[in-house]
Asks: 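One structure, pasted below without further comment.
Remember, it's 1-based here, ligands and their atoms both numbered in the order they're listed.
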Amino acid sequence: MREKDLNGKELAKKIRNQLTSEITKFKEETQITPKLGIVYMGEDLSAAAYIRSKRKRCKKVGMETELFHFSATISLKNLRKELKILNEEESIHGIILELPLPPHIPFIEAVASVDPNKDVDGLHPANLGWLFAGNPFFIPNTPWAVMTLLKEYKIPLRGKEVVIVGRSLSVGKPLIPLMLAENATVTTCHTKTKDLKFHTSNADILVASAGRAKLITGDMIKEGAVVVDVGINVTDDGIVGDVDYEQAYPRASRITPVPGGVGPITVSMIIRNTLVASVIQAEAKGLNSKVVPIGHAHHSGYLK
Ligand code: NAP
């Protein structure tokens, strides 16, 4: 790590320690072990590796996981039936759909079949709606990781020009309401943006989430900007971000390295949401817990 780095690895460790003690306390109070259900369709090798690492991380903080593996040929109708079973299964508190989904399964239709109380990825239309309404329940994990990292390093956002490169449902779009809630002025760029450099050069805070290796070069960054690189791109030179780190470093005031920036924090956000889901579901059964998971929004959930 270098001087200007926003160290996500260190923050992730700190959050994991907090989560471990919260989960231990919750288990003692309720005799319930929080459990995450991971739904996965197909045989994609990189997805399998992500799943293994997520399960390992969950285990380390005392959370159970169960993998529900279906064929890539499963129909949307049958997937909905399977999700209905998981929605009704009391021992499962959170459900995530591991990407990529088979091409014939539209993500938003699939995720809309997950009970919003168990949608720990925060991508159910109801949860996205609450987020855009300014009263979030489950917040999508990568944007929340970005906000958590900026908060940890006390990066001021009020009145700042925030430029987000990328408008995906899971990263770029949810960042808009989160940044607006912090009183930033938000611009979102995408592949049809006419002059990307014009926008990025104006950014006090630049968030790159395009999935294009080294798309953002040094000359596209304003002197003194805070640069958050969400990109994870596998290249011949190893894993690199969307920002050319070496070029960006001298111009940026703070910058996330890749790997070691946003990435390590994201799994902790899923764990945090699953703990919240467990607390709310336990409360609905009359089992009160004093655990209020760190940094959680004040929405009361759908079960009350
Ligand atoms: P995605 O669904 O492919 O979306 C990419 C977005 O970037 C799209 O909105 C696209 O615009 C835009 N874009 C692509 N090329 C561009 C260009 N040349 N100029 C301007 N905009 C461009 O990807 P995603 O799921 O959001 O993921 C983005 C990156 O973050 C990937 O590298 C992914 O691996 C990484 N990621 C990291 C984490 C983490 O934990 N750190 C988590 C999730 C994702 P259009 O809408 O016009 O196509």
Side-chain angles (χ1 to χ4, degrees), residues 5-9 11-12 15-16 38 44-47 49-54 56-58 96-101 103 105-108 110-111 120-123 128 139-150 162-176 178-179 186-203 206-217 219-221 227-235 237-245 255-273:
D5 282 352
L6 298 169
N7 189 340
K9 223 171 151 182
L11 176 58
I15 297 172
R16 278 200 303 273
I38 303 171
D44 186 278
L45 284 179
S46 54
Y50 276 130
I51 291 171
R52 271 199 304 278
S53 109
K54 263 179 208 161
K56 213 169 106 187
R57 292 249 173 268
C58 289
I96 57 170
L97 301 175
E98 194 64 39
L99 298 177
L101 298 191
I105 305 275
F107 178 78
I108 196 69
V111 76
V120 291
D121 259 345
L123 296 170
L128 288 172
I139 299 172
N141 60 76
T142 308
W144 201 14
V146 170
M147 301 310 287
T148 305
L149 188 61
L150 292 174
V162 170
V163 176
I164 303 161
V165 183
R167 56 173 165 180
S168 70
L169 191 68
S170 56
V171 187
K173 268 184 201 160
L175 268 172
I176 302 169
L178 290 168
M179 290 292 186
V186 186
T187 303
T188 308
C189 300
H190 44 79
T191 56
K192 307 298 180 289
T193 297
K194 267 192 199 154
D195 186 347
L196 185 60
K197 184 178 169 184
F198 168 81
H199 293 286
T200 59
S201 309
N202 194 35
L206 177 62
V207 184
S209 59
R212 300 281 178 274
K214 300 188 180 180
L215 171 71
I216 309 294
T217 47
D219 59 325
M220 296 170 80
I221 294 166
V227 179
V228 180
D229 190 353
V230 180
I232 299 175
N233 307 291
V234 182
T235 69
D237 301 331
I239 291 177
V240 301
D242 289 353
V243 176
D244 188 321
Y245 177 89
I255 185 165
T256 55
V258 175
V262 177
I265 313 169
T266 52
V267 180
S268 298
M269 300 295 122
I270 301 176
I271 295 172
R272 197 187 255 184
N273 275 343

Asks: To the nearest 0.5 Å, what is the distance between CG on Leu123 and OG on Ser170?
Replies: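 The distance works out to 6.0 Å.
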
Asks: Select one of side chain, backbone, both or neither to describe which atoms of Val171 lie under 4.0 Å from any atom of ligand 1, heavy atoms only.
Replies: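 For Val171, only side-chain atoms sit under 4.0 Å from ligand 1.
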
Asks: For ligand 1, which atoms, with element, lie under 4.0 Å from some heavy atom of Gly166?
Replies: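 Listed by number with element, the hits are 6 (C), 7 (O), 9 (O), 12 (C).
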
Asks: Looking at ligand 1, does Gly172 have a heavy atom less than 4.0 Å from it?
Replies: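 Outside the 4.0 Å threshold, so no.
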
Asks: Specify side chain, backbone, both or neither for Thr266, according to which of its non-hydrogen atoms lie closer than 4.0 Å to ligand 1.
Replies: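 Looking at Thr266 and ligand 1, just side chain atoms fall under 4.0 Å.
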
Asks: If you count the non-hydrogen atoms of other residues, nucleotides and ligands that lie under 6.0 Å from CZ in Phe198, is the total more than 12?
Replies: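 Atom CZ in Phe198 is not crowded, with 12 or fewer foreign heavy atoms closer than 6.0 Å.
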
Asks: Under 3.5 Å, N or O to N or O, is Ser168 touching ligand 1 that way?
Replies: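 Indeed, backbone or side chain, Ser168 has an N or O that close.
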
Asks: Of all the non-hydrogen atoms in the protein, which one sits nearest to atom 43 (C) of ligand 1, and at what distance?
Replies: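 Looking only at protein heavy atoms, the one closest to atom 43 (C) of ligand 1 is Thr142 OG1, 3.6 Å.
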
Asks: Ignoring hydrogens, just give me the one of Gly211, Ser46, Ala210, Ala208 whose non-hydrogen atom is nearest atom 5 (C) of ligand 1.
Replies: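 Going through Gly211, Ser46, Ala210, Ala208 one by one, Ala210 has the nearest heavy atom to atom 5 (C) of ligand 1.
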
Asks: Of the non-hydrogen atoms in Val258 and Gly231, which two are nearest, and what is the gap between them?
Replies: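 Minimum heavy-atom contact is CG1-O, 3.5 Å.
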
Asks: For His190, counting its heavy atoms only, list the atoms of ligand 1 lying under 4.0 Å from any of them.
Replies: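 In order of numbering, the contacting atoms are 11 (O), 20 (C), 21 (N), 47 (O).
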
Asks: Just need the protein heavy atom nearest to atom 37 (C) of ligand 1, so name the residue and atom and give the distance.
Replies: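 Answer for atom 37 (C) of ligand 1: Val230 O, 3.1 Å.
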
Asks: Can you list the ligand 1 atoms lying under 4.0 Å from a non-hydrogen atom of Leu215?
Replies: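 Checking each atom against Leu215, I get 17 (C), 18 (N), 19 (N).
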
Asks: Thr217: which residues meet the side chain to side chain donor-acceptor pair (under 3.5 Å) condition with it, sequence neighbours left out?
Replies: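 By the side chain to side chain donor-acceptor pair (under 3.5 Å) rule, Thr217 matches Asp219.
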
Asks: Kindly determine whether Asp44 and Tyr50 satisfy side-chain hydrogen bond (donor to acceptor under 3.5 Å, both in side chains), including the steps that lead there.
Replies: CA-CA 10 Å; Asp44 186 278; Tyr50 276 130; over 6 Å; no

Asks: Could you report the tightest heavy-atom contact between Ile265 and Gly8, atom names first, then the distance?
Replies: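 That closest heavy-atom pairing would be CG1-O, 3.7 Å.
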
Asks: Which of the numbered atoms in ligand 1 are under 4.0 angstrom from any heavy atom belonging to Asn233?
Replies: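 Answer for ligand 1: 32 (O).
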
Asks: Can you list the residues that meet the side chain to side chain donor-acceptor pair (under 3.5 Å) rule with Lys56, with sequence neighbours excluded?
Replies: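 Lys56 satisfies side chain to side chain donor-acceptor pair (under 3.5 Å) with no other residue.
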
Asks: Which residue and non-hydrogen atom of the protein lie closest to atom 33 (C) of ligand 1, and at what distance in Å?
Replies: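 Sorting protein heavy atoms by distance from atom 33 (C) of ligand 1 puts Ile232 N, 4.1 Å first.
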
Asks: Is the contact between Thr191 and ligand 1 made by the side chain, the backbone, both, or neither, using heavy atoms and a 4.0 Å cut-off?
Replies: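 Both parts.
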
Asks: Could you pull out the closest heavy-atom pair between Leu178 and Pro143, with the gap in Å?
Replies: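 Distance-wise, the nearest heavy atoms are CD1-CB, 3.7 Å.
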
Asks: What is the nearest protein non-hydrogen atom to atom 28 (C) of ligand 1, stated with its residue, atom name and distance?
Replies: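 Atom 28 (C) of ligand 1 sits closest to the protein heavy atom Ser209 O, 3.5 Å.
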
Asks: Can you confirm, on distance only, whether ligand 1 has an N/O atom lying under 3.5 Å from any N/O atom belonging to Arg167?
Replies: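 Yes.
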
Asks: Between Val230 and Val146, what is the shortest heavy-atom contact and its length?
Replies: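 Residues Val230 and Val146, closest heavy atoms: CG2-CG2, 3.9 Å.
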
Asks: Check Val171 against Ser209 and note the closest heavy-atom contact, atom names and distance.
Replies: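 Of all heavy-atom pairs spanning Val171 and Ser209, the closest is CG1-CB, 3.6 Å.
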
